[in-house]
Amino acid sequence: MIVAQHLTKRYGERTAVEDLSFTVRPGVVTGFLGPNGAGKSTTLRMLVGLDHPTSGSITVGGRRYADLPDPLRHVGLLIDAKGVHRGRSAHAHLLALAQTHGIPESRVRKVLDLVGLGSVAHKRAGGFSLGMGQRLGIAAALLGDPEVLVLDEPVNGLDPDGVLWLRRLLAGYAARGRTVFLSSHLMSELSLIADDLVVIGQGRLLAAGTVSDVIASVAPASVHVVTPAASALATVLQGADVTVTSLDAETLEVQGRPAHEIGEIASAHRIPLHELSPRRITLEEAFMQITRNAVEYGTPGSAAPRTSAPLESVR
Amino acid sequence: MTAATLPAPDLGTARVTAKGLLRSEWTKLRSVRSLLLTLALSFAFVAGLSAYLLVEGQTLGDSAAAGIPFSFTAVYPLGVLALVVLGVLVVTGEYSSGSIRASVVAAPRRTGLLLAKAAVLTGVTTALGAVMSVLLYLLTRITGAIPSAAGMSLFDPRMFWGVLAGTLLLPFGALFGLVLGSLVRNAAAAITLYFGVFQLGPQIFPAFLPDGVSGFTDWMPFAAMDVVRGAGLADGPYGVGTAVVVLVAWVAALGGVSWWLLKTRDI
């Protein structure tokens, strides 16, 4: 469990992170989203004590990372793939990290095999491709079998095979009750593996919650219905919290009732349906919407972005 | 290779310990070829040149050096220079490669990291220096190139203190480089700082400074090293004991600043 409370980081005049508070639950994959320069990496760096917060705190299991007697057992971090001395082998790099904690050498070999670098373990890391460097960074993160896995842009440079492998690894990790916290620009990738989201922009929290909550906060799910008896259907669909919008004589946009319910109601009233399809904006569209609101309206710390924004404006 | 096969390892006893940090730093030092080469060449060069002088017999047998039993340590200062560079590279290599982040994430309190690095480098260079000095002493006895050393035991005070002083300057150089490297975090800057301020400074500064102040160059590490190296036989502005204190004070002061910066600066 990661808890950030009023976390703030200033570099001189520039504020990288401002009054950021969020919680990352164990047992799920949490995506960390934000445009470039939003403060994602700075937040992760403060999590592991590389940067000191100007004020506020960020803790792992209730403790400051630097206060842990066995930090690698708590947090595994991938922050930049190329953080290896070019002249050092992958094996030696990981061994030096493992030895600080008295982690046995067998564990080093195990994680190298796990990330598929077993055959090049003793080659100099200077010759590694970006993808291999990324795998080595993931191996380093897994070294202490940590409670919390923190990955900054983990799919960078990975081939499709590697992406699939990483997706399975992260899902499996979370399924074992561990915490997975990852940032990525690739929304489609995140929407496949993330359960929760923390969205920041200009160092401030924009949205947090489950993926569907965050998307729904931007644009509620709706159902697109085409029927020759549009007005009749609109009448029978009425109810509390249901909004029916007529787009043209045969097309309705329904919010507040799931597709199967609409189908059943239409069937009960013998209304023929030509089309019945749930509409939901993608995570990417939701993200664009949330971050654009932040930029356009400068909503400070707005955790509930404007929900009335029309769908069309997303494009 | 799915996550389901990820074994739950038995790492329950894993902890950051002093012993672990020392082993880690030893692994870091021995696993980079350029560092090993710098280390090996520093000693090979000094040992080779000293051995040549002993075999050749002329230089060390002349009037000035002949009276100093431990004059085979005369070229050690060249080794000190090379080891300053090694000390700088050991630290700055971590910053330039970015591996410092992994190191600090593994040892987030940072102090142990710096101490272990210093201890390993000092230990290794002390051990190699000791071996080299013993071998050169034996060669001195075999070749008889230094008349005053004839028949003298290594542990004879006239021999021992001079050899010890010369030998310990080697790890001092490595440590000094390490401290400069962690102070400025950049190899070029640290080496420039060393040569500009500490190596050439004592000759340059007096030209710019009023007479009363220029004497401070006597208190810089290079002057103190010369005093220590002479082991009481050469004239100096102060005694060997004071010189040792001066050297320790320099490393402690610069090391203290480096430590404070390491603790408080972002990586």
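Naming: A, B, ... by sequence-line order, numbering from 1 per chain.
The two atoms that bring B:R15 and A:D70 nearest to each other are NH1-OD2, 3.2 Å, heavy atoms only. Looking at every heavy atom in both residues, B:R101 comes nearest to A:R45 through CD-NH1, 3.7 Å. In this structure, B:A14 and A:R73 approach most closely via the heavy-atom pair CB-CD, 3.9 Å.
Not counting sequence neighbours, B:S42 has no partner by the side-chain hydrogen bond (donor to acceptor under 3.5 Å, both in side chains) test.
A:R124 is listed as a side-chain neighbour of B:R33, based on a closest heavy-atom distance under 4.5 Å. By the 4.5 Å heavy-atom criterion applied to side chains, A:L50 and B:V105 are counted as neighbours. The closest side-chain heavy-atom distance from A:V48 to B:P108 is not below 4.5 Å.
Of the two parts of B:A107, neither the backbone nor the side chain holds a non-hydrogen atom closer than 4.5 Å to a non-hydrogen atom of chain A. When heavy atoms are compared at a cutoff of 4.5 Å, A:L68 approaches chain B solely by way of its backbone atoms N, CA, C and O.
Distance check: B:R30 CZ to A:R88 CZ gives 10.0 Å after rounding to the nearest 0.5 Å. Atom OG of B:S31 is separated from atom NE2 of A:H122 by 11.5 Å, given to the nearest 0.5 angstrom.
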Listing, residues 92-103 of chain A side-chain donor-acceptor contacts under 3.5 Å, not counting sequence neighbours, or none:
unit_1 : atom_1 : unit_2 : atom_2 : d
A:Q99  : OE1    : B:T27  : OG1    : 2.4
A:Q99  : NE2    : B:T27  : OG1    : 3.3
A:T100 : OG1    : A:L97  : O      : 2.6
A:H101 : NE2    : A:L72  : N      : 3.1

Show me, pair by pair, the donor-acceptor contacts under 3.5 angstrom made by side chains of residues 167-183 of chain B, not counting sequence neighbours?
unit_1 : atom_1 : unit_2 : atom_2 : d
B:T167 : OG1    : B:S133 : OG     : 2.6
B:T167 : OG1    : B:V163 : O      : 2.6
B:S182 : OG     : B:L178 : O      : 2.8
B:S182 : OG     : B:V179 : O      : 3.2

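Side-chain N or O atoms of A:H85 include none that pairs as donor or acceptor with a backbone N or O of B:S96 at under 3.5 Å.
Residue-level contacts of residues 109-127 of chain B with chain A, in order of numbering, are B:R109, B:R110; threshold 4.5 Å between heavy atoms.
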